[in-house]
Amino acid sequence: MTIMLKAVSRRTVLKSAAIGAAAFGLRPDLALAAGQTVTLADIGVGDPNGDWSTYTKETGNTVNVVSIGNGPSAVLNQLIAGGGRQSYDIINIVGGMQNPLVENDLIVPLDVSRLKNWQNNAYIAEYFKPGSKGFDFIGYEGTIYGVPTVLQGDSFAYLPEKTGGTLDSYGALFDPKFKGFVALEDNYTTAGQKTALYLKSAGLTEINDPSDMSKEEIAKVVDFLIEKKKEGQFRVIWSSFEQAVNLLVNQEVYVMDCWEPMVFAAKAKGVDAVYAKPKEGYLLWAMAAYLVKGDRSPEKIEASYQLLDYMLSPEYGAMITSLRGYMTNPQAPAFAAQSDKFDEATAKRIAEIDAGVKEKFEAGGTWQARWPTNIETYEEEWQRFKAA
Amino acid sequence: MRGSLHLLVWLCLAAVLVFLYAPLVPPLLLAIRDPQTGAATLNNFAAIGADPTLVSAITNSVLLAAIVGIAAPLLGLAAAQAVRSFGLPRLIITIVLLPLFIPGVSMGVSTSLFFRLTGIDPSLFTMAVVQTLWALPFAFLIILTVMSGFDTLYLEAAYTSGANRLQAFREVELPQIAPGLTGAATFSVILSFNETVRTAVVQGGNNTVQTFIWSRYQQVGLTPNMYALMSLIIIVTLLLILVLVALGRKQQQS
């Protein structure tokens with residue numbers, strides 16, 4: 001029995017060594033990190049409906065996707081109190097909250113030289129240049145922490161049949177003509193900031209920077225919103241994707257502060273909804289994937305870098321654009337057109353979405369502030385608006 | 001006159017039933033609808049298996065339900081026995097029922113902080129603990145109710161006949177209160193499968209069906225296979241409730 005065991009173990013060792021050597025000879029990176037499972041905590045947008053087959057085929061690693069909430073405090077709580085530091089290797093969330101993530105020692109700087117897709121991504125070079133507002137969505141104090149995964153410019157949606165024509169100002173959200181048929185998102189970094197953008201542009205309130213307001217400025221914005229709320233301007237303050245889509249589909253609201261994919265979803269259900277091109281500009285934002293700080297083996301870190309690199313690939317980008325309706329990767333439309341993974345109509349839609357978002361970035365606007373200087377006042381003021 | 005009154009009662013009952021069950025219909029309709037053509041189809045049910053994240057969430061939910069379905073009734077039984085043996089029934093009942101009155105988020109957050117302080121990493125174990133805490137008061141109440149119908153004179157008789165405590169429990173009491181245990185287990189399974197908030201806070205690297213669907217609902221919308229899964233959960237839950245009712249009837253008859 002002992003002899004048999006010895007023979008088996010010797011054979012196994014020799015076989016493993018041979019496989020390892022062969023793998024190393026063919027793909028050194030694969031030999032370093034194969035057979036790992038990378039846990040990706042994601043807000044839902046970054047999951048290509050479970051299809052990580054290319055990543056798995058190329059690296060020998062698998063992905064475990066875990067759903068997390070998108071609110072800044074929800075993300076922090078999951079990492080600090082919820083044990084996310086141990087459980088998650090990568091978090092893919094809306095960027096711009098590096099301040100608390102770095103200050104609480106939750107994420108690590110990225111070595112972008114380990115990401116081969118970083119260099120050929122023209123969007124990174126264009127929209128996330130160091131020193132620009134966009135850089136704040138992936139970096140902090142000059143250091144890069146995040147890989148940008150999706151890009152978007154937000155405005156608002158409307159139903160032209162009900163509004164009687166084109167709307168091109170956030171002022172439509174507060175127009176008495178649509179009283180009782182307007183919905184806002186329950187989020188001060190979107191609805192609050194769009195309101196500030198409108199108030200500043202219309203010269204109604206003095207606001208220095210709508211993306212980072214002083215305590216007095218955010219109070220004035222909320223005063224305005226409360227006044228409108230009391231007048232009965234808002235039908236509802238929505239808080240989830242499905243709820244917002246249903247508001248449009250059931251035509252319960254005619255003008256709505258929302259995300260563009262909700263318009264795609266409403267259109268797919270036969271509703272003629274339009275995502276506005278506001279003269280005040282768009283609310284620009286990006287999602288970013290971060291490496292979570294924790295006690296991890298070099299193999300796990302390598303596998304995580306491989307996943308980040310895959311998330312920068314044209315294939316992943318095309319899948320996410322197709323599924324979620326956001327711009328991802330400059331090469332995604334071409335990949336979709338050439339690859340047999342997408343049919344012609346889908347490839348066309350991917351190209352249209354990409355072009356549409358690019359147009360928004362060219363039109364410009366203001367970057368969303370996920371972690372404004374006076375965040376506590378923002379939180380308090382927003383609660384005041386909701387309770388009013 | 002009597003006939004019309006009878007009809008009115010039935011109409012009221014029908015109205016209550018419609019009010020209760022109408023919200024369960026839309027997911028069923030969306031589950032059997034082809035998103036492209038709008039035609040009726042069962043493909044959405046087949047598509048559940050095509051999403052690995054959804055499949056792993058289902059596996060986790062089933063495992064958790066099995067653990068909670070065993071742990072909560074056992075703990076509930078122990079607590080119910082304590083009520084009978086130790087006196088101070090009100091105190092014990094209040095202590096066991098307390099988690100019922102603490103809001104889900106607070107319970108989840110305080111449990112996750114407890115795990116953090118004690119150095120326990122999030123896993124299926126932490127999720128099972130938080131769900132068992134949630135299911136325990138219900139399991140306890142069900143078992144307590146069934147045990148209250150059991151006459152302890154039978155135990156006295158068993159002791160007189162030379163049985164020890166364990167034998168008396170196993171051979172005399174257990175067969176009598178078994179429906180209570182089954183009911184508590186069924187209810188615990190249902191509660192485990194449906195729990196979202198507490199579980200989400202301590203889930204770490206694991207989804208359950210509910211945390212996954214809730215997250216998708218908030219961020220990116222639901223796909224038809226999720227409606228199909230929701231429908232299956234609704235149907236299974238209703239079937240389990242029917243089992244509970246059947247068990248109750250059986251107990252009454254015996």
Side-chain angles (χ1 to χ4, degrees), chain A residues 37-53 56 62-71 74 77-89 93-94 186 238-246 259 261-262 264-266 268-270 287 294 320 323-326, chain B residues 26-27 30 33 35-36 38 47-57 60 105 108-123 126-127 130 196-223 225-227:
Chain A
T37 297
V38 180
T39 298
L40 170 71
D42 183 88
I43 60 170
V45 177
D47 180 9
N49 283 1
D51 181 8
W52 299 95
S53 53
T56 299
T62 51
V63 182
N64 171 36
V65 181
V66 189
S67 308
I68 54 164
N70 186 34
N77 284 338
Q78 281 289 22
L79 286 172
I80 298 170
R85 258 183 298 200
Q86 289 78 36
S87 321
Y88 309 148
D89 299 308
I93 56 174
V94 178
D186 180 6
W238 63 263
S239 59
S240 71
F241 189 96
E242 285 284 325
Q243 184 191 5
V245 172
N246 289 336
W259 319 336
M262 291 160 179
F264 296 142
K269 291 182 181 177
M287 277 182 70
I320 296 301
L323 285 168
R324 314 290 173 215
Y326 296 124
Chain B
L30 289 165
R33 183 178 177 274
Q36 257 80 49
I48 294 172
D51 186 338
T53 317
L54 200 51
V55 172
S56 90
N60 287 338
V105 176
V109 169
S110 49
T111 319
S112 75
L113 286 172
F114 172 79
F115 287 134
R116 194 183 142 216
L117 289 172
T118 47
I120 301 169
D121 289 343
S123 62
T126 57
M127 296 161 89
V130 85
T196 310
V197 179
R198 294 165 183 80
T199 315
V201 185
V202 297
Q203 71 178 25
N206 309 284
N207 293 302
T208 66
V209 170
Q210 294 304 322
T211 60
F212 182 65
I213 290 182
W214 178 235
S215 158
R216 288 300 168 101
Y217 177 86
Q218 287 178 298
Q219 296 300 327
V220 292
L222 301 179
T223 44
N225 62 349
M226 290 182 200
Y227 285 114

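Every chain is numbered from 1 and lettered A, B, ... according to where its sequence line falls, protein lines coming before strand lines.
The main-chain N or O of B:Asn207 is found under 3.5 Å from a side-chain atom of B:Asn60 such that the two form a donor-acceptor pair.
Here the closest heavy-atom approach between residue A:Thr37 and residue A:Thr62 is recorded as OG1-OG1, 3.0 Å.
At a threshold of 4.5 Å between non-hydrogen side-chain atoms, the residues A:Arg324 and B:Val220 count as touching. Side chains of A:Pro261 and A:Phe241 form a contact here, defined as non-hydrogen atoms less than 4.5 Å apart.
Between chain B and the options A:Val63, A:Asp42, A:Val245, A:Asp47, the largest number of non-hydrogen pairs under 4.5 Å is found for A:Asp47. Of all the listed residues (A:Asn64, A:Asp89, A:Asn70, A:Asn77), the one sharing the greatest number of non-hydrogen pairs under 4.5 Å with chain B is A:Asn70. Heavy-atom pairs under 4.5 Å with chain B peak, among A:Leu323, A:Leu40, A:Asn49, A:Thr39, at A:Asn49. Ranking B:Pro52, B:Gly204, B:Ser56, B:Ser123 against chain A, the residue ahead of the rest is B:Gly204, based on heavy-atom pairs under 4.5 Å. Among the candidates B:Leu117, B:Thr211, B:Val202, B:Asp51, the residue making the largest number of heavy-atom pairs closer than 4.5 Å to chain A is B:Asp51.
Note that CD1 of B:Ile120 is 12.0 Å distant from OG of B:Ser112, once rounded to the nearest 0.5 Å.
Taking the six-membered ring where the residue is Trp, A:Trp259 and A:Trp238 present perpendicular rings, their angle passing 60° and hence far from 30°.
With a threshold of 4.5 angstrom between heavy atoms, B:Asn225 does not approach chain A through any atom at all. With a 4.5 Å cut-off on non-hydrogen atoms, B:Asp121 touches chain A through its side chain but not through its backbone. For B:Val201, the part sitting under 4.5 Å from any heavy atom of chain A is the backbone (N, CA, C, O) and nothing else.
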